[in-house]
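Both ligands and their constituent atoms are indexed starting at 1 by order of listing.
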Amino acid sequence: MSMLPFQTVTIDLAERSYDIQIGADLLGQAALFADLPRASSVLVVSNTTVAPLYAARLTAALGQHYPKVHLLALPDGEVHKTWQTLNLIFDALLQNGCDRKTLMVALGGGVVGDMTGFAAASFMRGVPFVQVPTTLLSQVDSSVGGKTGINHPLGKNMVGAFYQPLRVFCDLDTLKTLPDRELSAGLAEVIKYGPIADLVFMDWLELNMDALLGRDAQALAHAVKRSCEIKAWVVAQDEREGGLRAILNFGHTFGHAIEAGLGYGAWLHGEAVACGMLMAARLSQRLGLVDATLVSRLHTLVLRAGLPVVGPTLDATDNAGRYLELMRLDKKADAGEIKFVLIDGPSKARVQGAPDALVREVIDACCQV
Ligand code: NAD
Ligand code: GLY
């Protein structure tokens, strides 16, 4: 991937603005870290899968600018996105004598990024942090925009904070070691941007899906850049999700129900979102907001990306009822009314409720093999 151009997307948030840098072999380029704030120490937080692959390269580069670079490898997996694991980060910060200037660096996928960001938001009431996302999903979504947090047994990402990183480094070379299933999961969040914001990008995805699955460097670079541009455009207008930002949760209301209902980790987040997008698209169609053609295009794209198009059964006796029960815990729910992100015409989304009976019909249809 060495012939790739180095690209920058800026996220415009006044004094909290920052750059997302996208390119090949960023991890080992010490010069890229030269203008980050000075501190006596850095804590790189990673996990037991990613650290052996990439931590040595990153810590060596950071070591050229910081006297002490500590590394913490957390247990790997969504099931570890908990208070207990978060506390391991605070333990490492305190045991290593870190202070309020310590720079924290998240090296890993969305689980590591969300937890490290939350730790950075709360350690000594806030220390600077940088995201080095190593999954496609984290490069196109979770590392950008400042949502951080952990899961609660009763709901996903229920405890957290908005806290922006100082910079995001998307090293496309790290995607070479990503398992195929994780690549597909990341493609779900890439596909998401088409229906809600940019049907031209959806056209591009239809033309380039095979290249993306084949990890073509140029295709991945474009997908990451365009996704980050769209996310940056949304977040710059609505950082704290007062309105518009909720469209980024397209597919997530149904998806979070799938994740929680099956138990975190059974389906990957991107898999649940993919299936959830199809449910949300069909609900949009039943509400008369979108025609069958777009729903069918989305279905084909999800299928081609290697993602599930049939919803899982969460309850043998009242499956739709169980989905509804779980979706009432969604953060967008308002006084018990579930709010769905719906496609509202080309490149446009809206957030609104829907009658339970209609939602039941959609779930029943989407969960039938
Ligand atoms: P993940 O962090 O669990 O990573 C997926 C798997 O890939 C893990 O086993 C990880 O160790 C491994 N991995 C990571 N990079 C690798 C690499 N380069 N090579 C080989 N293996 C690698 O999952 P994810 O899909 O990156 O993120 C999902 C999480 O992100 C969820 O918890 C979700 O809630 C969160 N999320 C947050 C936001 C946000 O805005 N903050 C947005 C979307 C998703
Ligand atoms: N992933 C949704 C958001 O960042 O708002």
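- With hydrogens and angles left out, the side-chain atoms of S296 and T293 include no donor and acceptor closer than 3.5 Å.
- Across the listed options L137, T49, N47, T177, L137 owns the non-hydrogen atom lying nearest to atom 25 (O) of ligand 1.
- Atom 23 (O) of ligand 1 has its closest protein heavy atom at G110 N, 4.1 Å.
- The closest approach between any non-hydrogen atom of H252 and ligand 2 is not below 4.0 Å.
- A salt bridge links R167 with D35: at least one charged nitrogen is closer than 4.0 Å to a carboxylate oxygen.
- Nearest-heavy-atom check against atom 38 (C) of ligand 1 across G255, S142, P52 picks out S142.
- Geometric assessment of R226 against the ring of Y193 yields a negative cation-pi assignment under the 6.0 Å and 45° thresholds.
- With a 4.0 Å cut-off on non-hydrogen atoms, A185 does not touch ligand 1 at all.
- The residue among Q131, H80, E182, H269 with a heavy atom at the shortest distance from atom 5 (C) of ligand 1 is E182.
- Contacts of K231 with ligand 1, taken as heavy-atom pairs under 4.0 Å, involve the side chain alone.
- Checked against a 3.5 angstrom limit, the closest N/O atoms of N249 and ligand 2 fall outside it.
- In this model, a donor atom of one side chain and an acceptor atom of the other lie less than 3.5 Å apart for E239 and Q164.
- Between F118 and W83, the ring planes are tilted. Angles from 30° to 60° get that label.
- The closest non-hydrogen atom to atom 35 (C) of ligand 1, taken over T134, D114, N249, comes from D114.
- Among V50, I150, L107, the residue whose heavy atom lies closest to atom 13 (N) of ligand 1 is V50.
- Side chain to side chain, Y54 and T177 meet the donor-acceptor criterion of an N or O pair below 3.5 Å.
- Not a single heavy atom of K176 sits under 4.0 Å from any atom of ligand 1.
- For atom 31 (C) of ligand 1, the closest non-hydrogen atom of the protein is E78 OE1, 3.1 Å.
- Within the structure, ligand 1 lacks G77 among the residues with a heavy atom less than 4.0 angstrom away.
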